[in-house]
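I have placed the structure first, in the form of structure tokens, so that the comments after it can refer back to it.
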Amino acid sequence: MCKATSTADSQLRSNAKPQCSGSKKSEKNWSSTKLVIKSYAFLPFQIALLLVLLTIAAPILFVFLVCHDLIMFALVGKTYLYNMSWEDPAIDQRVFNLKDDDHVITIASAGDNVLDYLIEGAEVTAVDFNICQIALTEIKIACIEHLPFEEFFRIFAQNDIELLRERYATVLRGSLRKEVQDMWDAQLPYLKSFMYSGSSGFLAKLLVKVIIPLCGLSFIEDAVRRRMPKKEFLELVNKYHLQVKAVAWISDKVLLAAMCLFAGVPKRQLDLTNRKTPLGDVLTHIFYNTDLTNDNYFYGGYLLGEFTETCCPRYLMKEHYPALQKAVAKKRLHLVHGTFVEACNQAKGRPFTVSSLLDHMDWMPIPMISAELALLTSKMDLKRGRIFWRSFSDTVHSPPLMWLNAKKVDDHDDKVGMYFSTWISHTKDVDFEALDRVDRLAVQNKGLLSQLKTGVKIVTFPMLQSFYKMSAANNSKSKHGKAMEAFYAHQKEDYDSFRENMLHGRPWLMHSFPIKKEGKMVWVDVGGGTARNLEFMPKDVVREKFSKIVILDISPSLLEMAKARVESMGLSDIVELVEEDFTNEAAFKKLPAKGSVDVVTMSYSLSMIPDKEMAIKHAS
Ligand SMILES: C[S@@+](CC[C@H](N)C(=O)[O-])C[C@H]1O[C@@H](n2cnc3c(N)ncnc32)[C@H](O)[C@@H]1O
């Protein structure tokens, strides 16, 4: 979402030129100059105080950096991470075009976007593995069911927690599920404000009440309170560019890990961006691409500590309350405490037409994304389906997502701007099928003794090479071929069992494998060894989707094992085994014609081929 490609620094220098004239202009310039002089007068003290604070905080920040995910996931179940949904639903509306017959599956988060989808008339299944997020969403639903709009607004926009406590005891508690009651029984007595609750609310308070004022940027809060015109606000931003730079620098260089931890951004997600100044870019986006002082409920809310009637999310607008009450009365929302996979498995009734995945694809490794997409698409209406996600990466970051043929969504004005790209895939336009993979080895693990034996053979190979070379039935012409066969001939039976614990990238490769809907695929597995990779696909998928699979390898011993596997899988009519050195021209005579192959894989084989350049050339 954050379209700011240059850093905050350069943007802040080049924008917001004052445009007044005559005496008014000089008057205005003088008052702005006074403001700037005033702010710079305190700068040395502010810098000193900041340095002292950062020095004191350094050990804590270091612990946050090292134990990032540990601390973040420890918070799950104890508090909610997101007191507000960190996704601007206006972007979702732009591409969803929701109707009454839509069924959206999404993550509950703070429930704000769930309510937004309900306003549009859609049925919604919302899931969250953090019971506290579910509790936050469920209490909003209970309030909509039982309270008039004025009270709903006082509670969730103006933080009237006393009113909530009173209504909770008398009206709301009874309509909540037991685990949700338990959460609120424990937390409601201590709640002071929704806006600054949960870990991201805590972070917002720290920024708004400590860091921003300490950096001399209190004018931002003041400008939001006064609803200053954007042009005037940007002039101020330009005048205070040193302080803005300081906030951006501290955020990116000192606080990034800690801020992301409290904002519910795990390490894996953080690593997806290669931007030098991600938070600086976010800041630039907020200032220049959104109207922070007049039309940004998200940061406006955090800065003021509350929402106003004119600056709030849609679910807090009076005109939408009847639609919400109607949706709640018709039980259009299904809340699931669990994982996305559990929600898909429990799904009954109408297939999903929209999967609004928020950013949770950023949290998962390739096999999990692939498994989730396989399950999800099996529960979707593929004629109308839309799969929508946000990412901290500027590109589609994971192969299973790549095969969804997703289009970049126009999110240049996203009010939150915490993600760097947004994607939508229309399932009817996708050429590939997200199909399940098999992560277990079909043959039995051979036990410790076999592992030890194979391990010793591998370790001693460099010393006993000449013995192995003599004793292996070795017809290979090349030196490399002889070496490979000598290495594998004496461990062929135990190869699969031993390598299962070593070649961790294989499942990642095979979950990344694109499978065409239309089938008739041709696959060449170079250095395919024992044909283990075949087993990652269910047999019926292989039969249905592939017209030919070639397993090429230089080692006859491993191909012997491959032959047994192919036969036991009953796939001999599709799978061909070729004994060759892939870097030899001769290999081509035995392979499917150039241009007819859909996928070439090299799983842990490229690293063993001496002429890598030739291997890549031949593969392409
Ligand atoms: C580490 S094994 C990987 C086997 C299999 N792909 C897997 O993932 O289990 C490397 C494989 O590359 C094969 N290999 C090495 N050099 C080769 C070459 N020049 N041409 C074809 N195969 C080769 C070896 O015989 C071996 O089977």
Review point. Do Asp394 and Ser421 have side-chain N/O donor and acceptor atoms under 3.5 Å apart?
Key: no
**Study point:** Electrostatic pair Asp496:Arg532 at N-O distance under 4.0 angstrom
**Key:** no
Practice item. For the residue pair Pro592 and Val524, establish whether any side-chain heavy-atom pair is separated by less than 4.5 Å. Key: yes
Practice item. Tell me whether the centres of the aromatic rings in Tyr419 and Phe392 are closer together than 6.0 Å. Key: no
Exercise for review: Could you please spell out the steps behind the salt bridge (charged side-chain N to carboxylate O under 4.0 Å, His left out) verdict for Lys516 and Asp431?
Suggested key: CA-CA 6 Å; Lys516 279 182 177 171; Asp431 295 331; over 6 Å; no
Review point. Any side-chain donor-acceptor pair under 3.5 Å between Ser425 and Trp423?
Key: no
Check your understanding: So, does Arg332 use its side chain to make a donor-acceptor pair with the main chain of Asp100 at under 3.5 Å?
Key -> yes
**Study point:** N-O pairing of Arg565 and Glu535 below 4.0 Å
**Key:** yes
Review point. Per the side chain to side chain contact (heavy atoms under 4.5 Å, CB included) rule, which among Arg314, His320, Lys140 passes with Leu115?
Key: Lys140
Review point. Atom OG1 of Thr106 and atom CG of Leu333: how far apart are they, to the nearest 0.5 Å?
Key: 10.5 Å
**Study point:** Shortest non-hydrogen contact between Ile554 and Pro556, atoms and distance
**Key:** O-CD, 3.3 Å
**Study point:** Residue pair Asp410 / His412, side-chain donor-acceptor N/O under 3.5 Å
**Key:** yes
Practice item. Could you tell me whether Asp429 and Lys407 make a salt bridge, using a distance below 4.0 angstrom between a side-chain N and a carboxylate O? Key: no
Practice item. Examine the side chains of Gln346 and His334 and answer whether a donor and an acceptor come within less than 3.5 Å of each other. Key: no
Practice item. Determine, for Phe513 and Arg437, whether the Lys NZ or Arg CZ falls below 6.0 Å from the six-membered ring centre while staying within 45 degrees of the axis. Key: no
Point to revise | Distance-only donor-acceptor check, side chains Ser109 and Tyr80, under 3.5 Å | key: no
Review point. Which is it for Tyr315 and Asn113 under the side-chain contact (heavy atoms from CB on, under 4.5 Å) test, yes or no, and what are the steps along the way?
Key: CA-CA 8 Å; Tyr315 80 90; Asn113 291 16; over 6 Å; no
Review point. Should we say atom NZ of Lys517 is surrounded by more than 12 heavy atoms from elsewhere, each under 6.0 Å from it?
Key: yes
Point to revise | Non-hydrogen side-chain atoms of Leu509 and Phe536 separated by less than 4.5 Å | key: no
Exercise for review: Quick one: closest heavy-atom pair of Ala615 and Thr583, and the distance?
Suggested key: N-CG2, 4.0 Å
Review point. Which heavy-atom pair separates Val180 from Ile134 by the least distance, and what is that distance?
Key: CG2-CG2, 4.3 Å
**Study point:** salt bridge (charged side-chain N to carboxylate O under 4.0 Å, His left out) between Glu576 and Lys590, worked out
**Key:** CA-CA 10 Å; Glu576 191 186 327; Lys590 301 178 186 173; over 6 Å; no
Exercise for review: Work out which heavy atom in Trp389 is nearest to a heavy atom in Ala406; give both atom names and the distance.
Suggested key: CH2-CB, 3.4 Å
Exercise for review: Report yes or no: does Thr277 contribute a side-chain atom to a donor-acceptor pair with the main-chain N or O of Gly280 at less than 3.5 Å?
Suggested key: no
Exercise for review: Using atom types as modelled and distance alone, determine if a side-chain donor or acceptor of Tyr299 lies under 3.5 Å from a backbone N or O of Val416.
Suggested key: yes
Exercise for review: Please report the closest heavy-atom contact between Asp598 and Met521, naming both atoms and the distance.
Suggested key: OD2-CA, 3.2 Å
Check your understanding: What distance separates Leu279 CG from Thr273 OG1, expressed to the nearest 0.5 Å?
Key -> 9.5 Å
Check your understanding: Is it true that Asp362 and Arg268 make a salt bridge, defined as a side-chain N closer than 4.0 Å to a carboxylate O?
Key -> no
Review point. Is it the case that Ser555 and Asp553 place a side-chain donor and acceptor less than 3.5 Å from each other?
Key: no
Check your understanding: Can you tell me if Lys383 uses its side chain to pair, donor with acceptor, with the backbone of Lys428 under 3.5 Å?
Key -> no
Point to revise | Whether Glu138 side chain and Arg177 backbone form a donor-acceptor pair below 3.5 Å | key: yes
Check your understanding: Does any N or O in the side chain of His618 come within less than 3.5 Å of the main-chain N or O of Phe582, such that one atom is a donor and the other an acceptor?
Key -> yes
Check your understanding: For the side chain of Trp403 and the backbone of Ser512, is there at least one donor-acceptor N/O pair under 3.5 Å apart?
Key -> yes
Revision key, fill the gap. To the nearest 0.5 Å, atom CD1 of Ile286 lies from atom NZ of Lys415 at 13.0 Å
Point to revise | Results of ring pair (Phe, Tyr, Trp, His ring centres under 6.0 Å) for His103 - residues two or more places apart only | key: Phe352
Check your understanding: Stepwise, does the salt bridge (charged side-chain N to carboxylate O under 4.0 Å, His left out) test hold for Lys492 with Glu560?
Key -> CA-CA 9 Å; Lys492 60 184 178 188; Glu560 196 187 310; 3.2 Å; yes
Review point. Is a side-chain N or O of His285 found less than 3.5 angstrom from the main chain of Asp414, in a donor-acceptor match?
Key: yes
Review point. Should Arg384 and Asp101 count as an ion pair when the cut-off is N to O under 4.0 Å?
Key: yes
Review point. With Ile424, which of Val354, Ile387, Asp92, Val95 fulfils side chain to side chain contact (heavy atoms under 4.5 Å, CB included)?
Key: Val95
Point to revise | Glu120 with Lys99: basic N within carboxylate O range, under 4.0 Å | key: no
Revision key, fill the gap. Between the OG1 atom in Thr125 and the CG atom in Leu335, the distance rounded to the nearest 0.5 Å is 9.0 Å
Practice item. State, yes or no, whether a side-chain contact exists between Leu98 and Val104 at a heavy-atom distance under 4.5 Å. Key: yes
**Study point:** Lys/Arg N to Asp/Glu carboxylate O, Asp102 vs Arg386, below 4.0 Å
**Key:** yes
Practice item. Decide whether Glu372 and His360 meet the rule of one side-chain donor and one side-chain acceptor closer than 3.5 Å. Key: yes
Practice item. Could you check whether the rings of Phe96 and Tyr117 sit parallel, tilted or perpendicular, using 30° and 60° as the cut-offs? Key: tilted
Point to revise | Check ion pair Glu567-Lys563 (N to O, under 4.0 angstrom) | key: yes
Exercise for review: Hey, could you give me the CD/OH distance between Gln133 and Tyr82, rounded to the nearest 0.5 Å?
Suggested key: 7.0 Å
Donor-acceptor pairs under 3.5 angstrom involving side-chain atoms of residues 600-609: please list them, not counting sequence neighbours.
{"unit_1": "Thr601", "atom_1": "OG1", "unit_2": "Trp523", "atom_2": "NE1", "d": "2.7"}
{"unit_1": "Thr601", "atom_1": "OG1", "unit_2": "Asp525", "atom_2": "OD1", "d": "2.7"}
{"unit_1": "Ser603", "atom_1": "OG", "unit_2": "Asn533", "atom_2": "ND2", "d": "3.4"}
{"unit_1": "Tyr604", "atom_1": "OH", "unit_2": "His504", "atom_2": "N", "d": "3.4"}
{"unit_1": "Tyr604", "atom_1": "OH", "unit_2": "Gly505", "atom_2": "N", "d": "2.7"}
{"unit_1": "Ser605", "atom_1": "OG", "unit_2": "Val526", "atom_2": "O", "d": "2.8"}

Exercise for review: Could you tell me whether the side chain of Thr395 and the main chain of His397 form a donor-acceptor pair under 3.5 Å?
Suggested key: no
Check your understanding: Charged N to carboxylate O below 4.0 Å: is that the case for Asp281 and Arg275?
Key -> yes
Check your understanding: Gly198 and Thr79: which non-hydrogen atoms are nearest, and at how many Å?
Key -> CA-OG1, 3.6 Å
Review point. Got a second to check how far Ile515's CD1 is from Glu544's CD, nearest 0.5 Å?
Key: 9.5 Å
Practice item. Kindly check if the number of other-residue, nucleotide or ligand heavy atoms within 6.0 Å of NZ (Lys612) is above 12? Key: yes
Practice item. Check whether any side-chain N or O of Asn83 sits under 3.5 Å from a backbone N or O of Ser199 as a donor-acceptor pair, and report yes or no. Key: no
